[in-house]
Engineer: 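There's a structure below that I have some questions on.
Index from 1, following the sequence. Just so you know, ligand 1 is whichever comes first in the structure, and atom 1 is the first atom listed for that ligand.
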Amino acid sequence: ETGHFTFDPGYTSTGSCESKITYIDGDAGVLLYRGIPIEELAEHSDFPETCYLLLNGELPTAAQKTKFERDITMHTMVHEQLATFYRGFRRDAHPMAVMCGVVGALSAFYHDSTDIHDPEQRKIASYRLIAKMPTIAAMAYKYSVGQPFMYPKNSLKYAENFLHMCFAVPCEEYVVSPTLAKAMDRIFVLHADHEQNASTSTVRLAGSSGANPFACIAAGIASLWGPAHGGANEAVLKMLDEIGHKSRIPEFVRRAKDKNDTFRLMGFGHRVYKNFDPRAKVMRQTCYEVLNELGVHDDRLELAMELEKLALEDDYFVEKKLYPNVDFYSGIILKAMGFPVSMFTALFAVARTVGWVSQWNEMIEDEGQKIGRPRQLYTGTDRRPYVPLTARG
Ligand code: SDX
């Protein structure tokens, strides 16, 4: 018997939670946001529209979409005092460490005005989080490169605004490339929600105690940071650089199969998908488009394609049903777009905020919701008496 516990968030007697937001069929490689296939959303929708869908359950009308985008835009600035938090970090602090701290600090600005049982205040808190995450992430990037923070521009769309805050400087006009904006928007759509993954479950568990949503999202950021979860996109790039050349792929595939070796093929495998992660297919296509349109050649793309080919032909990976996941290609695209590896998981957090917030709202709105209380199977020692210090030898 290993020490294990049944996660019972107190929602249902089966120890699992119910949700209407995202559906995954791991064996078939299906991902639906409110019933709509991720491939169709990636092809035809955009991130603001996908946010509306996740939050409200239906695609918006044209008027609803325009109003929603305007409402989000009006929350993109952060309190001027929040900028001082960045000065407390070393310049080389990991952006996810900064995001954990600064997003948690949002509680200090909005805690008193967020009655989580007031639907209107919940909506404003949700919009604030979705709107401010790009600003906070861009500020973390600017701080790491020693450049001044750039304010959001209300004339820009969500993804454009984020890229402008990251790459513009006050000294000259910066025009966001439509290719980059489209790729960024699609990457946000692909990462928006994913059922009860580790970070979403963290947000739900934190929120089940009635904690304010800003602190709950900070908890989600902490969980996402791990290399087994959102940190995998950063780990994939480091792995490809370590492999270096396709002639070394067999050595790394062998290591990945060796139970005595802690090495894992990052970007492969999934807790749920036992087929291709549908997001990975879209990401691979986007990778080609972005590198071609930008005229960027990255040897790592060929290396990734060769690694994917060899792994998918290998009996171990076939038997274990290990396929590329969403993180396998995203890092190559983000590198081509000009982001440092350290920012990859922060971008994942920007996108996933709408999923965390949508699931948090769904939980708070559930009348039967109780505080989460994981159960455990006790495997410790039997009952025994206290032994005085003098009698312990
Ligand atoms: C994300 O939950 C979500 O939805 C997460 C996510 C989201 O959108 O929120 O989809 C985002 O986190 C994607 C996953 C990113 N992580 C990685 O790419 C890291 C590398 N992958 C592994 O660490 C692993 O695949 C996990 C942690 C993702 C899942 O591991 P599990 O639960 O063990 O399940 P599995 O089917 O992947 O593994 C089954 C077997 C295990 O061996 P046994 O214990 O059965 O002998 O395959 C082995 C694993 O040890 N295995 C691998 C491997 N991944 C799993 N062996 C070599 N290389 C790998 N990458």
Engineer: Checking a contact table here: which protein heavy atom is nearest atom 40 (C) of ligand 1, and how many Å away?
Structural biologist: Lys320 CD, 3.8 Å

Engineer: In ligand 1, which numbered atoms sit nearer than 4.0 Å to a non-hydrogen atom of Ala232?
Structural biologist: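 By the 4.0 Å cutoff, the relevant atoms are 15 (C), 16 (N), 17 (C), 18 (O).
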
Engineer: What part of Leu322, side chain, backbone, both or neither, has a heavy atom within less than 4.0 angstrom of ligand 1?
Structural biologist: side chain

Engineer: Please indicate whether any nitrogen or oxygen in Gly267 is less than 3.5 Å from any nitrogen or oxygen in ligand 1.
Structural biologist: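 For ligand 1, there is an N or O atom that lies under 3.5 Å from one belonging to Gly267.
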
Engineer: Show the atoms of ligand 1 that are less than 4.0 angstrom away from any heavy atom in Asn197.
Structural biologist: 2 (O), 3 (C), 4 (O), 5 (C), 9 (O)

Engineer: Specify the protein heavy atom at minimum distance from atom 13 (C) of ligand 1: its residue, its atom name, and the distance to 0.1 Å.
Structural biologist: Asp327 OD2, 3.4 Å

Engineer: From the options Glu39, Glu43, Glu289, select the one residue that forms a salt bridge (charged side-chain N to carboxylate O under 4.0 Å, His left out) with Arg186.
Structural biologist: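 That would be Glu289; it is the only one of Glu39, Glu43, Glu289 passing the salt bridge (charged side-chain N to carboxylate O under 4.0 Å, His left out) with Arg186.
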
Engineer: Do the rings of Phe276 and Tyr323 sit parallel, tilted or perpendicular, given the 30° and 60° boundaries?
Structural biologist: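 Ring orientation, 0 to 90° scale: tilted.
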
Engineer: Hey, are Lys257 and Asp314 close enough for a salt bridge, meaning a charged N less than 4.0 Å from a carboxylate O?
Structural biologist: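 Salt bridge: yes.
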
Engineer: For ligand 1, is there an N or O atom under 3.5 Å from any N or O atom of Ala228?
Structural biologist: yes

Engineer: Establish whether atom 23 (O) of ligand 1 and some protein heavy atom are separated by less than 4.0 angstrom.
Structural biologist: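 No, there is none.
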
Engineer: Under 3.5 Å, N or O to N or O, is Phe268 touching ligand 1 that way?
Structural biologist: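 Checking ligand 1 against Phe268, an N or O pair does fall under 3.5 Å apart.
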
Engineer: Tell me which protein heavy atom sits closest to atom 6 (C) of ligand 1, plus the residue, atom name and distance to 0.1 Å.
Structural biologist: His270 NE2, 3.6 Å

Engineer: Check Arg279 against ligand 1 and report side chain, backbone, both or neither, counting heavy atoms closer than 4.0 Å.
Structural biologist: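 The part of Arg279 near ligand 1 is the side chain, not the backbone.
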
Engineer: Does the pair Lys238/Glu242 count as a salt bridge with the N-to-O cut at 4.0 Å?
Structural biologist: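 Between Glu242 and Lys238 there is no salt bridge, as every charged N stays at least 4.0 Å from the carboxylate O atoms.
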
Engineer: What residue and atom, counting heavy atoms only, is the protein's closest point to atom 30 (O) of ligand 1, and at what distance?
Structural biologist: Arg271 CD, 4.2 Å

Engineer: Give yes if a backbone or side-chain nitrogen or oxygen of Lys259 is under 3.5 Å from a nitrogen or oxygen of ligand 1, and no if not.
Structural biologist: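 Lys259 vs ligand 1: N/O contact under 3.5 Å present.
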
Engineer: Heavy atoms only, cut-off 4.0 Å: how does Lys274 contact ligand 1, side chain, backbone, both, or neither?
Structural biologist: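 It is the side chain that gets close, since no backbone atom is under 4.0 Å.
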
Engineer: Counting only heavy atoms closer than 4.0 Å, does ligand 1 sit against the backbone of Lys257, its side chain, both, or neither?
Structural biologist: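 Answer for Lys257: neither.
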
Engineer: Note the single closest protein heavy atom to atom 57 (C) of ligand 1, along with its residue, its atom name and the distance in Å.
Structural biologist: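 That would be Ala256 O, 3.4 Å.
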
Engineer: Quick one: does Phe317 get an N or O within less than 3.5 Å of an N or O on ligand 1?
Structural biologist: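 No, since none of the N or O atoms of Phe317 sits under 3.5 Å from an N or O of ligand 1.
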
